[in-house]
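Every value quoted in this text rests on a predicted model; they were computed, and no experiment measured them. Keep in mind that the numbers below use all heavy atoms, side chains included, and drop hydrogens, waters and symmetry copies.
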Amino acid sequence: MLTETVALVAEKLNGPFKFQTVLIDEPRADEAWVEIQAVGICHAELSCLNGTIPVKFPNVFGHEGAGVVRKIGRDVQGFQPGDKVLTSYNHCGSCIQCRSRHPAYCMTMFQQNFGGTRGDGSVPMRTSDGSTLYSNYFGQSAFSRLAVVNVRSMVKVPSQTTLEVMAPLGCGMQTGAGAIFNTLNVPEGATVAIFGIGAVGASSIMAAKIRKASIIIAVDVIESRLNKAKTLGATHSFLSSFEVVDQIRATCQPNDGVEYAVDASGVTSVIEQMVDSLATRGRATSIGVPGPGKRAGVEVVAHVNKGREYVGCNQGDCIAREIIPYLIEQHSLGNYPFDELIKQYDIKDFETALEDMKSGVTIKPVLKWM
């Protein structure tokens, strides 16, 4: 039986988003219906829309959902109708990466999260005339009032949770924090540089402060973002320029560079600067992506002689059901004030939210279903 709901649909590559009445399936055995109350906008949506991340159209995006469970499939355990949940990335649960507690690197993650279909090729939603609507984005497609969500994408949160505040934790925030906690495992007293102070980079700054890093350097092209970084925990800030490597090295003396670094910009020239700024045996990671086929280079002699490391980072190597409750706790203690990055918009004003995000006026827009 199909049920009507309303979704924000991306009809074609580089096309506009439009509200449409859509038809959704009953939840399958491992799925639930979640009434979405709020959803964060992530740069991944923009990258899919402009072709940086290849996807099929028409598509329903959205992967930072927050809502209330309305119906569950027969095999769903740990959730009941009425539960508040946040939604995160999907994973198969059975491959070697999932079994070794690294589900962000699930062997089928790309197909499940960006393919827009279930594992058997079916779709949870259709257009009102019955046509295919790619609608299993990250196992949820949360740009829909009523979403069909895979149970592995769901994180139960306390009943008092303010969903429109917590929605972004499911992707961008956990990714930035996880880069510090998991991928780099930054220890107390370390020196850290974060390149690109959007929502993800800002989360890395707050996480570095939680880890009690001694020096936290923010690098960005927008002065206002650097000012915000300082309020969140950055000890130093630099406008991105050709001199930034020398500035970082001077700041981290007597070391010959920074011990840990995160790139959240996805700009290849910035990635190269990040690696060049590393101290001996320094470790860097990339969160931002420039699109398929793009490469960043390293000066091999320095990389070898100094024993530097440069690694990738997907979803902060986080297990959502563990990191999200921790971040909520840190927020309640005042250690992780990510709500300062959020601006809420009525979902009818999605075009304004998108423009504000692109221009840098808003770091993290959240759309609310009213």
Write down the atom of Ala179, the atom of Ile287, and the distance for their closest heavy-atom approach. CB-CD1, 3.6 Å
Quick test of your reading of the model: are Lys364 and Glu64 salt-bridged, counting only N-O distances below 4.0 Å? yes
Arg74/Glu31 ion pair, N-O < 4.0 Å: no
With heavy-atom distances below 4.5 Å as the criterion, would you say the side chains of Leu239 and Glu223 are in contact? yes
Of all heavy-atom pairs between Thr268 and Ala296, which one has the smallest distance, and what is that distance? O-CB, 4.0 Å
For Val149, does its backbone N or O pair with a side-chain atom of Ser153 as donor and acceptor, under 3.5 Å? no
Using atom types as modelled and distance alone, determine if a side-chain donor or acceptor of Arg99 lies under 3.5 Å from a backbone N or O of Ser94. yes
Straight-line distance of Ser269 OG to Met274 CE, nearest 0.5 Å: 11.5 Å
Distance, nearest 0.5 Å, that separates CE of Met166 from CD1 of Ile342: 8.0 Å
Can any side-chain N or O of Ser203 pair as donor or acceptor with the backbone N or O of Ala177 at less than 3.5 Å? yes
Could you check whether any side-chain N or O of Thr175 sits under 3.5 Å from a backbone N or O of Cys171, counting only pairs where one atom can act as donor and the other as acceptor? yes
For Tyr310 against Ser286, the heavy-atom pair lying closest together: OH-OG, 2.6 Å
Does NZ belonging to Lys306 count more than 12 external heavy atoms closer than 6.0 Å? yes
For the residue pair Glu45 and Tyr137, establish whether any side-chain heavy-atom pair is separated by less than 4.5 Å. yes
Just one of Phe19, Phe61, Trp369, Tyr345 clears the ring pair (Phe, Tyr, Trp, His ring centres under 6.0 Å) bar with Phe350, so which one? Phe19
Would Glu164 and Lys368 pass as an ion pair if we require N to O under 4.0 Å? no
For Asp276, is there any backbone N or O sitting under 3.5 Å from a side-chain donor or acceptor partner on Arg308? yes
Looking at Ser159, is its backbone amide N or carbonyl O close enough to the side chain of Lys84 to form a donor-acceptor pair, meaning the two atoms are under 3.5 Å apart? yes
Non-hydrogen atoms of Leu146 and Thr5 that approach each other most closely: N-OG1, 3.2 Å
What distance separates His91 NE2 from Ser88 OG, expressed to the nearest 0.5 Å? 9.0 Å
From CA spacing to verdict: side-chain contact (heavy atoms from CB on, under 4.5 Å), Lys71, Glu26: CA-CA 9 Å; Lys71 186 182 291 189; Glu26 290 289 310; 2.9 Å; yes
If you compare all heavy atoms of Gly266 against all heavy atoms of Ile271, which two are closest, and at what distance to 0.1 Å? C-CD1, 4.5 Å
We want to know whether Arg28 and Ser122 form a side-chain donor-acceptor pair, criterion being a heavy-atom distance below 3.5 angstrom. yes
Are Ile24 and Phe138 connected in a single hydrophobic cluster, I mean Ile/Leu/Val/Met/Phe/Trp/Tyr linked by side-chain heavy atoms less than 4.5 Å apart? yes
Would you call Asp83 and Lys156 a salt bridge, taking side-chain N to carboxylate O under 4.0 Å as the test? yes
Contact summary for Cys48 and Phe57, nearest pair of heavy atoms: O-CZ, 3.6 Å
Heavy-atom check, side chain of Glu272 versus side chain of Val298, under 4.5 Å: no
His331 meets the ring pair (Phe, Tyr, Trp, His ring centres under 6.0 Å) criterion, sequence neighbours left out, with Phe338
Exceeds 12 heavy-atom contacts within 6.0 angstrom, atom CD of Gln77: no
Any side-chain donor near an acceptor of the partner, Ser141 and Asn136, under 3.5 Å: no
In terms of hydrophobic clusters joined by side-chain contacts under 4.5 Å, are Val39 and Leu341 together? no
When rounded to the nearest 0.5 angstrom, what is the spacing between CD in Glu4 and CG in Leu23? 6.0 Å
Are Val275 and Val300 connected in a single hydrophobic cluster, I mean Ile/Leu/Val/Met/Phe/Trp/Tyr linked by side-chain heavy atoms less than 4.5 Å apart? yes
Are Val155 and Val85 in one and the same hydrophobic cluster, where Ile, Leu, Val, Met, Phe, Trp and Tyr link if side-chain heavy atoms are under 4.5 Å apart? no
Treating Asp220 as the side-chain partner and Ile222 as the backbone partner, does any N or O pair qualify as donor plus acceptor under 3.5 Å? yes
Would you say Pro337 and Met206 make side-chain contact, with heavy atoms under 4.5 Å? yes
Derivation and outcome, side-chain contact (heavy atoms from CB on, under 4.5 Å), residues Ser241 and Gln247: CA-CA 10 Å; Ser241 70; Gln247 292 173 317; 4.2 Å; yes
Do the side chain of Ser265 and the main chain of Gly196 share a donor and acceptor less than 3.5 angstrom apart? no
Can you tell me how far apart CG (Leu163) and CG (Leu86) are? Round to the nearest 0.5 Å. 6.5 Å
Is a side-chain donor or acceptor of Ser144 paired with a backbone partner of Ala7 at a separation under 3.5 angstrom? no
For Ile96, I'd like to know if atom CD1 has over 12 heavy atoms of other residues, nucleotides or ligands within 6.0 Å. no
Between Gln174 and Tyr326, is there a side-chain heavy-atom distance shorter than 4.5 Å? no
Could you go step by step and tell me if Gln20 and Ser128 meet the side chain to side chain donor-acceptor pair (under 3.5 Å) rule? CA-CA 8 Å; Gln20 289 187 16; Ser128 57; over 6 Å; no
Let me confirm one number: the CG-OG1 distance from Asp317 to Thr285, rounded to the nearest 0.5 Å. 9.5 Å
Is the closest basic N to carboxylate O distance between Glu11 and Lys18 below 4.0 Å? yes
For Glu340 and Lys228: C-alpha separation, side-chain torsions, deciding distance, then whether salt bridge (charged side-chain N to carboxylate O under 4.0 Å, His left out) applies. CA-CA 9 Å; Glu340 295 182 15; Lys228 172 55 71 173; 3.4 Å; yes
Would the number of heavy atoms belonging to other residues, nucleotides or ligands and lying under 6.0 Å from NZ of Lys348 be above 12? no
Any ion pair linking Arg281 and Glu309 (charged N to carboxylate O, less than 4.0 Å)? no
Backbone of Val148 reached by a side-chain donor or acceptor of Gln140 within 3.5 Å: no
Cluster question for you: counting only ILVMFWY and a side-chain heavy-atom cut-off of under 4.5 Å, with indirect links fine, are Phe79 and Trp33 together? yes
Any side-chain heavy atom of Val22 within less than 4.5 Å of one from Arg126? no
Side chains of Val69 and Met154: closer than 4.5 Å at any heavy-atom pair? yes
Basic-acidic side-chain contact under 4.0 Å: Arg145, Glu35: yes
Could you go step by step and tell me if Phe181 and Ile210 meet the side-chain contact (heavy atoms from CB on, under 4.5 Å) rule? CA-CA 9 Å; Phe181 295 150; Ile210 290 172; 4.2 Å; yes
Is any side-chain heavy atom of Pro187 closer than 4.5 Å to one of Tyr260? yes
Walk me through whether Asp25 and Met125 qualify under side-chain contact (heavy atoms from CB on, under 4.5 Å). CA-CA 6 Å; Asp25 277 351; Met125 299 183 193; over 6 Å; no
